[in-house]
Amino acid sequence: MDYSNLKVPTHVAIILDGNGRWAQERGLSRSQGHEAGFENLKNLSQYIFDKGIKVLSVYAFSTENFKRSKEEVDFLMNLFVLKFESYRKLMNKKGIKIVFSGERREPLPQRVIDLIEKIEENTKNNQKGIINICINYGGHSEIVNATKKICKLVMENKLSIDEINEENFNHYLFNDLPPVDLLIRTSGEIRISNFMLYQLSYAEMYFPKTYFPAFDSDEFDKAIVEYTKRDRRFGGINYENKDN
Ligand code: FPP
């Protein structure tokens, strides 16, 4: 689809949901569903950046996902370690910086933490866009963490309480990113599930029934068409729209 005359969102966030059900419907294992999800993320994220979106956040693994079977958790961690190198190369070619949001500690395996840090270091000078991958991530923990960072700075007399405001609070989150304009959760679930609570305040939300491995560029186009129809008022009134 041609995006040239469209008002494209700056920051899109996607909750990657439905890998398991996609696999089950095809008589495949959950692991095969995750592999298909990863392949789709590779293709879809390239398309998204090619269309001029500047920031893409994806919920790849929540802190709560550690409650899944050891087999499934190990599979996903290994998938990341084994397959992410090719993804890093792709993003480097496109000038996309890769950042990660989430707690960098147990139960996340040390080899995953090391790789996260290596990838961030390797792509940190890229300027064309940012992909923010949320692993061992929770929205509450992000806000609590930011509060702790601020308290520490205040206690060390490096920051005064009066200097903290809604604009610069963002700076203390896992990554300092613009607010989310469009949130997509695939697979028909209509929940936020502790994702980017601070950044989602005025996001438009889109909940397609499609499972993530099948959420391709055509499906993304539909989300963008829907987004362009929304009347974003940010709590105000749009006087150009007579229906208000
Ligand atoms: C949700 O589907 C998906 C996940 C918990 C994992 C998402 C991971 C990827 C797409 C691969 C990328 C991986 C990394 C580590 C970058 P689900 O398993 O909850 O599906 P279900 O609800 O149908 O069971």
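Both counts, for ligands and for their atoms, begin at 1 and track the order of listing. Just so it is clear, the model here is predicted, and its values are computed rather than measured.
Taking each of Leu41, Ile133, Asn19 in turn, the one with a heavy atom nearest to atom 9 (C) of ligand 1 proves to be Asn19. Distances from atom 4 (C) of ligand 1 to the heavy atoms of Gln24, Glu25, His34 show the closest one on His34. When Gly18, Ala60, Gly20 are ranked by how near their heavy atoms come to atom 8 (C) of ligand 1, first place goes to Ala60.
Side-chain contact between Ile150 and Ile164 is present, with heavy atoms from C-beta onward closer than 4.5 Å.
Nearest protein heavy-atom contact of atom 12 (C) of ligand 1 is Phe38 CD1, 3.7 Å. When only non-hydrogen protein atoms are considered, atom 3 (C) of ligand 1 lies nearest to Leu16 O, 3.1 Å. For atom 15 (C) of ligand 1, the closest non-hydrogen atom of the protein is Phe80 CB, 3.7 Å.
Side-chain atoms of Tyr211 do not come within 3.5 Å of backbone N or O of Gly33 as any donor-acceptor pair.
Ring orientation note: the planes of Phe80 and Phe100 are nearly perpendicular, at an angle over 60° on the 30°/60° scale. Using a 30° and 60° split on the angle between ring planes, Tyr198 and Phe169 fall in the tilted class, from 30° to 60°.
In this structure, CE on Met91 lies 10.5 Å from OG1 on Thr123, to the nearest 0.5 angstrom.
Every atom of ligand 1 with a heavy atom of Arg21 under 4.0 Å away is listed here by number and element: 21 (P), 22 (O), 23 (O). Each of the following atoms of ligand 1 lies closer than 4.0 Å to a heavy atom of Arg30: 17 (P), 18 (O), 24 (O).
Of the heavy atoms in Arg68, only side-chain atoms (C-beta onward) come closer than 4.0 Å to ligand 1. Here Asn65 has side-chain heavy atoms under 4.0 Å from ligand 1, and that is the only part of it that gets that close.
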For this session: Report the C-alpha separation of Glu189 and Arg21 in whole Å, then their side-chain angles, then the decisive distance to 0.1 Å, and conclude whether the salt bridge (Lys or Arg N to Asp or Glu O under 4.0 Å) test is met.
Result: CA-CA 12 Å; Glu189 307 291 348; Arg21 281 164 286 168; 3.1 Å; yes
Exercise. Please walk me through it: do Glu117 and Arg104 pass salt bridge (Lys or Arg N to Asp or Glu O under 4.0 Å)?
Worked result: CA-CA 10 Å; Glu117 285 171 0; Arg104 289 179 195 188; 3.7 Å; yes
